[in-house]
There are 2 protein chains.
Amino acid sequence: MNTYTIAEVSKKYDLPISTLRYYEEIGLLPHVARNGKNRLYDQANLDRLAAICCFKDTGMTLKELQTLFKYEDQDHDLDEVIDLLQTHCNRVADQLVLLKENQRHIRRKLQYYTDIWSAQVNHQPHPDWDDYPLSRFE
Amino acid sequence: MNTYTIAEVSKKYDLPISTLRYYEEIGLLPHVARNGKNRLYDQANLDRLAAICCFKDTGMTLKELQTLFKYEDQDHDLDEVIDLLQTHCNRVADQLVLLKENQRHIRRKLQYYTDIWSAQVNHQPHPDWDDYPLSRFE
DNA sequence: CTAGCACCTCAAGTATACTTGAGGTAAAGT
DNA sequence: ACTTTACCTCAAGTATACTTGAGGTGCTAG
């Protein structure tokens, strides 16, 4: 089966080498094979790493990830894994709603400032914040 | 005009009192009025706080927020504010794409584990991960 | 009048998630 | 033979974003 050096994995997942070693050290990325002292990552390792990135990027802490994988790796307490996943799934749904909402605010602000800039350049009157309802930025 | 005590603001924005003081200390939340020693927040303060939360929740660092508001407060370098907002706007768009993608992965995993659980309860065969294509979770 | 609550300051401490540095090995290129 | 490259370990250091604690003020309720 195909294996990868730590440098290759680092590039593939855009994570520093030190981070890969760190994840292994804290038990998130177990069973990394060795060629002498050098790490060799296989597909299972990469899959785990992809999962780590996915959960981490959606706001799960490393501690929670440890819990999640501890259950997974030991193949028991399925209820608790499901519970954690369900909770996280809900959090992600909330994040999505909030992110979209915040995006509207940011776009509004950007549009407003951009219009101020244009107005200055063209010697036009300064735009009015009240003319920028959130609904315009959906 | 209406004003609010620090405790009220803390509740309204679900931020610890210590955090409100901290934001003020690092200059993110300037011009907070005082009644003797006690802080009194007005609408402008709340608007600023809402902006802080919005940007912070979308991944802007406090340092970037300081930059953003420094420009805003001093009413110059409009280009740089716009640049920062534009950059952030793009980051948020990327986040949204990534978050949706990650959500699919998480939902898939949750569904898979839930089905394992059901299978165990009903003494049915164990589900197969290959039957859970990402496309099922859009 | 005194007790308690809500607030204050300022310095020091903490959690999370890494990163850096010192010192070393092992194989490949020149 | 030597040196560069690519790794390694282990302990200590760092950045970010707060939090906590000690010690104090000032109004209000009993």
Side-chain angles (χ1 to χ4, degrees), chain A residues 3-42 45-46 48-70 84 88 91 95 102, chain B residues 3-42 45-46 48-70 84 88 91 95 102:
Chain A
T3 56
Y4 307 83
T5 66
I6 197 166
E8 285 162 354
V9 177
S10 168
K11 274 212 173 166
K12 224 174 152 86
Y13 287 83
D14 195 29
L15 288 171
I17 287 178
S18 60
T19 302
L20 294 173
R21 289 202 274 247
Y22 174 65
Y23 286 169
E24 191 178 341
E25 189 192 328
I26 63 171
L28 278 186
L29 198 46
H31 316 305
V32 177
R34 301 294 179 116
N35 171 20
K37 291 205 141 198
N38 294 19
R39 288 165 177 84
L40 279 182
Y41 295 82
D42 63 14
N45 297 140
L46 298 191
R48 168 62 62 94
L49 196 52
I52 292 172
C53 292
C54 171
F55 285 108
K56 204 181 58 91
D57 288 348
T58 50
M60 202 178 254
T61 65
L62 299 189
K63 206 171 205 169
E64 286 173 316
L65 274 163
Q66 283 173 330
T67 305
L68 180 64
F69 291 135
K70 197 185 68 192
L84 192 52
H88 191 60
R91 285 197 308 215
Q95 271 181 59
N102 283 334
Chain B
T3 58
Y4 306 84
T5 66
I6 197 165
E8 286 162 354
V9 176
S10 168
K11 272 211 172 165
K12 225 174 152 83
Y13 287 82
D14 195 29
L15 290 171
I17 288 178
S18 60
T19 302
L20 295 173
R21 290 202 273 248
Y22 174 66
Y23 286 168
E24 192 179 341
E25 189 191 328
I26 62 171
L28 278 187
L29 199 45
H31 317 306
V32 177
R34 300 293 179 117
N35 172 19
K37 291 205 140 198
N38 294 20
R39 288 166 178 83
L40 280 182
Y41 295 82
D42 63 14
N45 298 140
L46 298 190
R48 168 61 63 93
L49 195 52
I52 292 171
C53 293
C54 170
F55 285 108
K56 204 181 56 92
D57 288 348
T58 51
M60 204 178 251
T61 66
L62 299 189
K63 206 170 205 172
E64 287 174 315
L65 274 162
Q66 283 173 329
T67 305
L68 180 64
F69 291 135
K70 196 186 68 192
L84 191 52
H88 190 61
R91 283 198 308 215
Q95 271 180 59
N102 283 333

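Letters A, B, ... are given to chains in the order of the sequence lines, protein chains preceding strands, and every chain is numbered from 1. Source: prediction; values computed, not measured.
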Identify each donor-acceptor pair in which a side-chain atom of residues 12-20 of chain A lies under 3.5 Å from a protein atom, sequence neighbours left out, and give them as a table.
residue: A:Y13; atom: OH; partner: A:L46; partner atom: O; Å: 3.2

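Counting to the nearest Å, the P atom of C:dA6 and the CG atom of B:N35 are 16 Å from each other.
Considering only heavy atoms from C-beta on, A:R21 comes within 4.5 Å of A:I6 through its side chain. Within the 4.5 Å cutoff, no side-chain heavy atoms of B:Y22 are placed close to those of B:L28.
Taking the six-membered ring where tryptophan is involved, the planes of A:F55 and A:H88 are tilted, since the angle between them lies from 30° to 60°.
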Under 4.0 Å protein heavy-atom contacts per nucleotide of nucleotides 6-21 of chain D, with B for base, S for backbone only and - for none: -SSB-------BBBB-

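Counting only distance, with no hydrogens or angles, the side chain of B:Q66 and the backbone of B:G27 share no donor-acceptor pair below 3.5 Å.
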